[in-house]
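Side chains included, hydrogens not; waters and symmetry mates left out as well; all remaining heavy atoms used.
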Amino acid sequence: MTESHNNQKKIAVVNDFSGFGRCSIAVALPIISAMKIQCCPVPTSIFSNHTGFDSYFFEDYTDRMKPYIAEWRKLGLHFDGICTGFLGSVEQISIVSEFLREFGKNEDGGKKTIVLIDPVMGDYGKLYSSYTDDMCQEMKKLLPYADVLTPNLTEACRILDLDYHKVDLSEEGLEAICEALSEMGPDRIVITGLQQGDLIFNYIFEKDKTSELLSTRKIGGDRSGTGDVFSSIVTGALVQGQDFKTAVKRAVTFLDKAIAYTAQMGLPWNYGICFEEYLEEI
């Protein structure tokens, strides 16, 4: 009889690993573990510290991803959740598509895998320097596998080929954006990081349900790893069985506390968020 490796809840996290700077796998692993769920990383690259520093060590993991995943296939692993973050090339996005096709499908007997895709592509109307048009087109191919999508406004516009500077930011406009994204796959969407004055808004969309614009205070500027904290908590909460809006609110509340403490500590933006202080509360 084959040994089962699927008795405990597990989330696969596809992202890079940075040794310093609190982002990506280094954030997801402790947070998901604190939520009493096993975190199983798939590294896309290795950094000594993330690219927000002047100098860093980097090793591309693309060529190792397929043999790495092949060993999980041999073990017959099933994941209750899959969470994807920054992907560095067309080839990596293609590998992740294959991974989602195989490991993101429903298990016989109805055990559902929750797939959350954070399409880390750009911000403030511009793509990140490493992103190409080909990568943007390939990223769209991940959406049919997504249950949850967490784009910022830049990423939502890029996926839909909308003009970032002309988009309608009323609740009706945001609803229309989410409806269009939902037609590409995901039933649940959060447009994150909408800033207005001293507030940050997250627009929460769930197909066939009432949407909600959730506000929280803005504390200082952007910080590395914020999206990784957010997506990790939302995925973990959904795997725990919480409803979507509760999961998003849980992530926003946690971030508010952690960012406030980080600002109090006076740490630079590229040090990330002092989430460790609140792990016991998660």
With side-chain contact (heavy atoms from CB on, under 4.5 Å) as the test, would you mind laying out the steps for Phe20 and Tyr271 before giving the verdict? CA-CA 8 Å; Phe20 184 75; Tyr271 278 39; 4.1 Å; yes
Only one of Asp16, Val14, Asn15, Ile95 clears side-chain contact (heavy atoms from CB on, under 4.5 Å) with Leu87; which? Val14
Separation between [atom1] of [X] and [atom2] of [Y], rounded to the nearest 0.5 Å:
X	Y	atom1	atom2	answer
Ile219	Ile259	CD1	CD1	6.0 Å
Ile189	Ile177	CD1	CD1	10.0 Å
Ile93	Gln137	CD1	CD	10.5 Å
Ile32	Cys83	CD1	SG	6.0 Å
Glu138	Ser89	CD	OG	9.5 Å
Leu77	Ile69	CG	CD1	11.5 Å

When you measure from the side chain of [X] to the backbone of [Y], do you find a donor-acceptor pair of N or O atoms at a distance under 3.5 Å?
X	Y	result
Asn6	His78	yes
Thr246	Gln242	no
Ser48	Phe57	yes
Thr226	Arg223	yes
Glu175	Glu171	no
Arg22	Ile273	yes
Thr262	Cys274	yes

Strictly under 6.0 Å, is that where the ring centroids of Tyr164 and Tyr124 end up? no
If you look at every heavy atom in [X] and [Y], which pair is closest and at what distance?
X	Y	result
Ala260	Arg217	CB-NH2, 3.6 Å
Pro151	Ala156	CB-N, 3.8 Å
Gly122	Tyr128	N-CE1, 3.2 Å
Leu127	Cys136	CD1-SG, 3.6 Å
Thr154	Asp123	OG1-C, 3.2 Å
Val13	Ala28	CG1-CB, 3.9 Å

In terms of side-chain heavy atoms, does [X] have a donor or acceptor partner in [Y] at a distance below 3.5 Å?
X	Y	result
Thr62	Asp60	yes
Asp118	Ser231	no
Asp256	Thr253	no
Gln38	Lys9	no
Arg101	Tyr145	yes

Set out, in order, the CA-CA distance, both residues' side-chain angles and the distance that settles side-chain contact (heavy atoms from CB on, under 4.5 Å) for Ser24 and Phe86, then state yes or no. CA-CA 8 Å; Ser24 310; Phe86 179 78; 5.8 Å; no
For Phe47, the ring-ring contact (aromatic ring centres under 6.0 Å, His included) test, sequence neighbours excluded, returns Tyr56, Phe58
[X] side chain near [Y] side chain, heavy-atom distance below 4.5 Å:
X	Y	result
Lys140	Met184	yes
Val190	Phe230	yes
Cys40	Phe79	yes
Phe17	Thr44	no
Ile11	Cys39	no
Arg250	Gln240	yes
Ser182	Leu149	no
Ile31	Ile282	yes

Using a cut-off of 6.0 Å, state whether more than 12 heavy atoms not belonging to Asp161 lie near its atom CG. yes
For Asp163, does the CG atom sit with more than 12 other heavy atoms under 6.0 Å from it, leaving out its own atoms? yes
Is [X] salt-bridged to [Y], cutoff N-O under 4.0 Å?
X	Y	value
Lys257	Glu277	no
Glu206	Lys245	no
Lys249	Glu212	yes
Asp80	Lys112	no
Glu155	Arg158	no

Determine, step by step, whether Val239 and Lys10 satisfy the side-chain contact (heavy atoms from CB on, under 4.5 Å) criterion, reporting the C-alpha distance in whole Å, the side-chain angles of both residues, the deciding distance to 0.1 Å, and the verdict. CA-CA 9 Å; Val239 167; Lys10 297 189 297 300; over 6 Å; no
Give the cluster check for [X] versus [Y]: same hydrophobic cluster or not, with ILVMFWY residues linked at side-chain heavy-atom distances below 4.5 Å.
X	Y	result
Leu29	Met35	no
Ile117	Ile114	yes
Phe205	Ile200	no
Phe201	Tyr203	yes

Quick one: sort the [X] and [Y] rings into parallel, tilted or perpendicular, breaks at 30° and 60°.
X	Y	value
Trp269	His50	tilted
Phe254	Tyr278	perpendicular
Phe99	Trp72	tilted

Go through the steps for Asp187 and Asp147 under the test side-chain contact (heavy atoms from CB on, under 4.5 Å), then give the verdict. CA-CA 6 Å; Asp187 287 337; Asp147 300 291; 6.0 Å; no
Could you go step by step and tell me if Arg64 and Glu59 meet the salt bridge (charged side-chain N to carboxylate O under 4.0 Å, His left out) rule? CA-CA 11 Å; Arg64 298 166 176 81; Glu59 183 176 1; 3.1 Å; yes
Yes or no on side chain to side chain donor-acceptor pair (under 3.5 Å) for Ser18 and Asn49, after CA distance, side-chain angles and deciding distance? CA-CA 5 Å; Ser18 295; Asn49 43 278; over 6 Å; no
